[in-house]
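Reviewing the structure listed below.
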Protein chains: 2
Amino acid sequence: MTARAISIGEAARQSGVKVPTIRFYEQIGLMPAPPRSEGNRRQFDEKDLSRLSFIRHARELGFEMDDIRELLALTEQPQRSCHEADSIAARHLREIEMRIAKLQALSGELRRMVEECGHGKVCECQVIHVLADHGKCRSDTH
Amino acid sequence: MTARAISIGEAARQSGVKVPTIRFYEQIGLMPAPPRSEGNRRQFDEKDLSRLSFIRHARELGFEMDDIRELLALTEQPQRSCHEADSIAARHLREIEMRIAKLQALSGELRRMVEECGHGKVCECQVIHVLADHGKCRSDTH
DNA sequence: GCTTGCTCCTATAGTCGCTAGAGGAAGTAA
DNA sequence: TTACTTCCTCTAGCGACTATAGGAGCAAGC
């Protein structure tokens with residue numbers, strides 16, 4: 001049994017990547033241009049599905065397109081050392097951890113702001129006052 | 001002593017908002033169009049500086065432009081109840097906390113991925129394998 | 001064969017929050 | 001006067017899509 005052609009809609013359903021996004025990925029060269037049917041429709045195969053799922057998953061994990069491009073290139077050379085894949089992931093992990101630290105400082109500031117708001121008038125509102133004056137913040141990380 | 005006119009460069013230095021960004025804010029109506037000098041240069045005043053600083057600080061705290069627009073409108077009506085400012089900030093806080101939770105799940109996944117990588121060949125690399133198969137993830141939050 | 005309704009096609013423009021660059025005019029210091 | 005800096009407008013670009021318009025293909029029912 002030969003590989004059945006998969007339509008773009010079917011590919012979208014199976015991979016979780018939306019139809020216009022698949023076309024967009026083709027346009028920017030992240031996905032190869034698939035063969036077309038007589039009626040000019042894209043015909044995907046199982047390999048395309050894997051690639052789409054890989055991309056979707058990496059995007060969900062917050063990898064940038066350039067990283068994904070590199071990771072995809074690595075998957076095409078399975079005999080190479082995985083050192084590069086590892087270092088991309090490790091760098092990404094460091095970035096995420098920094099983003100978490102920053103967001104935690106922000107949420108602390110916001111929580112303090114909201115808690116100290118006496119629910120009175122705007123002219124006394126801590127939310128407004130803190131926003132107007134960075135000096136009222138506890139951390140300098142923003 | 002009357003209010004001295006402040007140039008856009010000076011306003012940028014004092015507020016921490018870059019020159020093109022100030023012009024951009026004027027363009028999208030976030031800042032009022034200031035009066036001009038004979039030579040067609042923008043003349044800002046202290047009130048503009050406060051507004052710019054307010055915007056910058058709110059941006060640093062991750063507020064979106066629409067939120068900032070609302071908050072700025074509130075500052076112009078100091079006698080109103082601060083209920084709205086409070087709810088904008090509270091909603092924003094909830095969003096940030098959700099983002100933190102998501103990022104923490106991601107960083108856990110990434111850390112596991114990197115730790116389990118045996119630094120062998122790509123074809124055995126956990127980083128690649130996990131990306132290719134969501135089933136290998138511990139959490140469903142992405 | 002015809003109609004209905006779905007999926008697919010291309011191409012363009014819009015989103016957000018800026019940032020960069022071109023090409024020129026105004027202001028300032030030596 | 002010359003050189004340098006700052007300012008002006010306008011346009012286009014970024015990333016990663018998303019939306020819309022205006023068609024064309026295709027399958028099922030009648």
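First the proteins, then the strands, lettered A, B, ... as listed; each starts at 1. Computed from a predicted model, the values in this text were never measured in an experiment.
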Where A:V127 and A:C117 come nearest, the two heavy atoms and their spacing:
CG2-CB, 4.4 Å

Please report the closest heavy-atom contact between A:E70 and A:E84, naming both atoms and the distance.
OE1-OE1, 4.3 Å

Any salt bridge between [X] and [Y], counting N to O under 4.0 Å?
X: A:R112; Y: A:E109; result: yes
X: B:R56; Y: B:E60; result: yes
X: B:R51; Y: B:E76; result: yes

Mind checking B:E64 for me? I need base, sugar-phosphate or nothing, with any heavy atom below 4.0 Å counting as a touch.
sugar-phosphate

To the nearest angstrom, how far is [X] atom [atom1] from [N] atom [atom2]?
X: B:Q43; N: C:dG27; atom1: CD; atom2: C1'; result: 13 Å
X: B:I28; N: C:dC18; atom1: CD1; atom2: P; result: 8 Å
X: B:F24; N: D:dC8; atom1: CZ; atom2: P; result: 17 Å
X: A:Y25; N: D:dT18; atom1: OH; atom2: C1'; result: 12 Å
X: A:I22; N: D:dC17; atom1: CD1; atom2: C1'; result: 13 Å
X: B:E60; N: C:dG17; atom1: CD; atom2: C1'; result: 15 Å
X: A:D66; N: D:dC17; atom1: CG; atom2: P; result: 13 Å
X: A:E38; N: D:dC26; atom1: CD; atom2: P; result: 8 Å

Return yes when atom NE2 of B:H129 has more than 12 non-hydrogen atoms of other residues, nucleotides or ligands closer than 6.0 Å, and no otherwise.
yes

Other residues, nucleotides and ligands only: do more than 12 of their heavy atoms fall within 6.0 Å of CD on A:E64?
no

Would you say A:K18 places a side-chain N or O within less than 4.0 Å of OP1 or OP2 belonging to D:dC17?
no

Quick one: is B:T21 getting a side-chain N or O under 4.0 Å of the C:dG17 phosphate, OP1 or OP2?
no

For every nucleotide of nucleotides 3-15 of chain C, 5' to 3': is a protein heavy atom under 4.0 Å from its base (B), only from its sugar-phosphate (S), or from neither (-)?
----BSSB-----

